Amino acid sequence: AQEEGGDAGAEAQGAPPAAVRVGEVRQEELQDRWLVIGRLREARRTRVAAEQARQIISVKAEEGDRVEGAKTVLAQIDDVAAKLRLDVAKARLEEFEAEVKENEAALESAQRELDYVRQVLASGSARQKEVDDASAVVQATRARVAAAAARARTENAEIARIEDDISRLRVIAPFDGVVVSKETEVGQWVTPGAVVAEIVSLDPIDAVIDVPESMVKNLTVGDALLVRIES
C-alpha cells in the first residue's frame, strides 16, 4: 500500500504546465508577393546645345559634375565682340537721350515765345505772321523731340537684343542633374545647335518594371511597392 501511494504522489507532481502566449485575433487579406526585375531610368535627359556661333573660351562642367538648373554655366562662348557692340549701342543711346533733353528745352523756350507773341497780338502790338512763325518753330521743335525719342527707343531695343545675345553666349544647365557627357573643349568653334554637354536628372528617377500579364490584374493605382537596388 505504501508503494502504491508513493507512485501516485510522483505522478501527481509530474511536469510543469507549458507557457501560453495570448494574442489578438485579426482577420486580414493576405497578399502574394512577387519578385520582378526592372530598371531605373532618369525622368529627364537632354543634350544642351549652343545658341550662338562663336568660339568656346571656357568649359566649366566635366563628366560626373552635378549641375543646378538655370544657374550652372556649362560653357562660355566668346562674348568680346558682343560686349563691344553693347558699349557702342549704349554710347549712342546717351547721345539720343541728350538730344531729347536738348530739344525738350528748346521746345519749352519756343512755347514761351509763342505764348508771349499771342499776348502781344491780343494787345494789338504784334502781327499774325509773328504768331504763325512762332507756332511753326514750336511744331518743328516738337517734331525733333519726337524723332530723338524714337531713336532712343530704337537704341534701347538694340541694347536689349545685344544683352539677350550675350546671355545666350553662356550655355546654362536647364535643370538639376549630372553631366554624363561633355561634347566640347576650349578653343572649339561651335554653331547654333552644336551639343555642348548631355545632362540627366537625378530626382525624381523612374523605376520601369516589366510585370507579367498574369499579375496585372492584382495591381491597382496607388499600391506601395518595395524596390531593392543593387549597390
Side-chain angles (χ1 to χ4, degrees), residues 46-61 67-176 184 186-197 199:
T46 186
R47 291 164 61 83
V48 187
E51 297 185 57
Q52 301 288 337
R54 206 161 293 278
Q55 189 180 45
I56 296 288
I57 59 174
S58 69
V59 178
K60 302 182 180 181
V67 296
E68 187 175 356
K71 289 187 177 181
T72 303
V73 178
L74 304 176
Q76 176 67 55
I77 302 174
D78 185 9
D79 59 358
V80 173
K83 287 182 176 179
L84 289 175
R85 293 201 311 272
L86 180 61
D87 290 341
V88 172
K90 286 182 176 179
R92 285 200 301 262
L93 177 60
E94 289 180 1
E95 292 179 3
F96 295 147
E97 289 177 340
E99 186 178 347
V100 169
K101 291 180 180 179
E102 181 181 350
N103 285 317
E104 284 177 343
L107 178 60
E108 266 184 52
S109 176
Q111 187 63 54
R112 285 195 300 270
E113 179 65 21
L114 176 59
D115 294 340
Y116 172 74
V117 173
R118 283 174 175 168
Q119 290 176 2
V120 173
L121 178 64
S123 65
S125 300
R127 295 175 299 171
Q128 182 61 42
K129 183 179 183 306
E130 295 178 89
V131 175
D132 295 341
D133 290 345
S135 179
V137 171
V138 169
Q139 292 176 4
T141 307
R142 185 176 290 118
R144 288 198 298 271
V145 170
R151 287 193 291 270
R153 288 193 300 271
T154 300
E155 205 60 39
N156 263 319
E158 176 66 10
I159 288 173
R161 186 188 67 80
I162 296 174
E163 288 176 339
D164 181 65
D165 287 344
I166 291 175
S167 70
R168 294 175 186 275
L169 292 172
R170 291 182 302 157
V171 183
I172 300 176
F175 52 78
D176 295 350
T184 189
V186 173
Q188 181 176 343
W189 185 276
V190 293
T191 56
V195 177
V196 171
I199 297 175

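Residue indices begin at 1 and follow the sequence shown. If you're wondering where the values come from, they're calculated on a predicted model, not measured in any experiment.
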If you measure from [atom1] on [X] to [atom2] on [Y], what distance do you get to the nearest 0.5 Å?
{"X": "R153", "Y": "L93", "atom1": "CZ", "atom2": "CG", "answer": "12.0 Å"}
{"X": "T154", "Y": "I159", "atom1": "OG1", "atom2": "CD1", "answer": "11.0 Å"}
{"X": "Q128", "Y": "R118", "atom1": "CD", "atom2": "CZ", "answer": "9.0 Å"}

Sequence neighbours excluded, which residues qualify as side chain to side chain contact (heavy atoms under 4.5 Å, CB included) partners of [X]?
{"X": "A194", "result": "V190, T191"}
{"X": "A126", "result": "V120, L121, E130"}
{"X": "V137", "result": "A110, T141"}

Handout entry: Under 3.5 Å side-chain donor-acceptor pair for Q111 and D115
Key =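 The answer is yes; a qualifying pair exists.
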
Practice task
Return yes if some donor-acceptor pair links the side-chain N/O of S135 with the main-chain N/O of D132 below 3.5 Å, else return no.
Solution key: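 Answer holds: no.
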
Practice task
Flag yes if more than 12 heavy atoms outside R161 fall under 6.0 Å of its CZ atom; otherwise flag no.
Solution key: yes

Practice task
Inspect the surroundings of CD in E163 and state if more than 12 heavy atoms from other residues, nucleotides or ligands are less than 6.0 Å away.
Solution key: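 Enclosed: over 12 neighbouring heavy atoms sit under 6.0 Å from CD of E163.
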
Can you name the closest pair of heavy atoms from [X] and [Y] and give their distance?
{"X": "V138", "Y": "L107", "answer": "O-CD1, 3.5 Å"}
{"X": "V100", "Y": "A149", "answer": "CG2-N, 3.4 Å"}
{"X": "N103", "Y": "A148", "answer": "ND2-CB, 4.1 Å"}
{"X": "F175", "Y": "T46", "answer": "CE2-CG2, 3.4 Å"}

Completion exercise
The salt bridge (charged side-chain N to carboxylate O under 4.0 Å, His left out) partners of R92 (sequence neighbours excluded) come to E155

Taking distance alone, no hydrogens or angles, what donor-acceptor pairs closer than 3.5 Å link side-chain atoms of residues 69-88 to residues at least two apart or in another chain?
unit_1	atom_1	unit_2	atom_2	d
T72	OG1	E68	N	2.7
T72	OG1	E68	O	3.4
Q76	NE2	L169	O	3.4
D78	OD1	V80	N	3.2
D79	OD2	K83	NZ	3.3

Exercise for the section: Inspect the contact between K90 and E94 and indicate whether a charged nitrogen and a carboxylate oxygen are less than 4.0 angstrom apart. Expected result: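 So E94 does not pair with K90 through a salt bridge.
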
Sequence neighbours excluded and cut-off under 3.5 Å, please list the side-chain donor-acceptor pairs for residues 49-58, or say none.
unit_1	atom_1	unit_2	atom_2	d
E51	OE1	R168	NH1	2.3
Q55	NE2	G187	O	3.1

